[in-house]
Amino acid sequence: MFYDTDDRARKLAEYLITQKSTVRSTAAAFGISKSTVHKDISCRLRRIDHTLYTEAAKILDTNKSERHIRGGNATKRKYESVKETKNSK
């Protein structure tokens, strides 16, 4: 799929930016680990294409600032479904 790590880093960043996705969903889309996505964007991309890195870093920062909200919402949905299951019995 990828010929070299620099190419992969660029493609991952382009996907992250255009889809405004998370590291997790980007990793799933490319069939690689979250660690690889993070390493490629945070380290490799900074070295090979600083402009693209800056754009991708903005998305990563936004995701990082929103993660506690996403986690809270996921927990809320989980317990609402547990409550609905108990009430339907």
- Message: Would you compute the distance between atom CD1 of Ile41 and atom CD1 of Ile17 and round it to the nearest 0.5 angstrom?
- Response: 8.0 Å
- Query: Do the non-hydrogen side-chain atoms of Thr36 and Arg8 ever get within less than 4.5 Å of each other?
  - Reply: yes
- Message: Test your reading of the model: is there a side-chain donor-acceptor pair from Ser42 to the backbone of Lys39, 3.5 Å cut-off?
- Response: no
- Task: Could you list the residues that satisfy salt bridge (charged side-chain N to carboxylate O under 4.0 Å, His left out) with Arg77, not counting sequence neighbours?
- Result: none
- Message: Let me confirm one number: the NE2-CG distance from His38 to Leu60, rounded to the nearest 0.5 Å.
- Response: 6.0 Å
- Note on the structure: One should read off an interatomic distance between Asp6 CG and Ile48 CD1, to the nearest 0.5 angstrom, of 4.0 Å
- Message: Ignoring hydrogens, what is the shortest heavy-atom contact between Ser21 and Thr26? Give both atom names and the distance.
- Response: OG-OG1, 2.6 Å
- Query: How many angstroms lie between atom CG of Leu16 and atom CD1 of Ile59, to the nearest 0.5 angstrom?
  - Reply: 6.0 Å
- Of all pairs that satisfy side-chain hydrogen bond (donor to acceptor under 3.5 Å, both in side chains), the ones with a partner from residues 49-58, not counting sequence neighbours: Arg46-Tyr53
- Item | Side-chain (Asp40) to main-chain (Leu12) donor-acceptor, under 3.5 angstrom | no
- Task: Check side chain to side chain donor-acceptor pair (under 3.5 Å) between Arg10 and all other residues, then give those that pass, not counting sequence neighbours.
- Result: none
- Task: Report the distance from atom NZ of Lys34 to atom OG1 of Thr22, rounding to the nearest 0.5 Å.
- Result: 9.0 Å
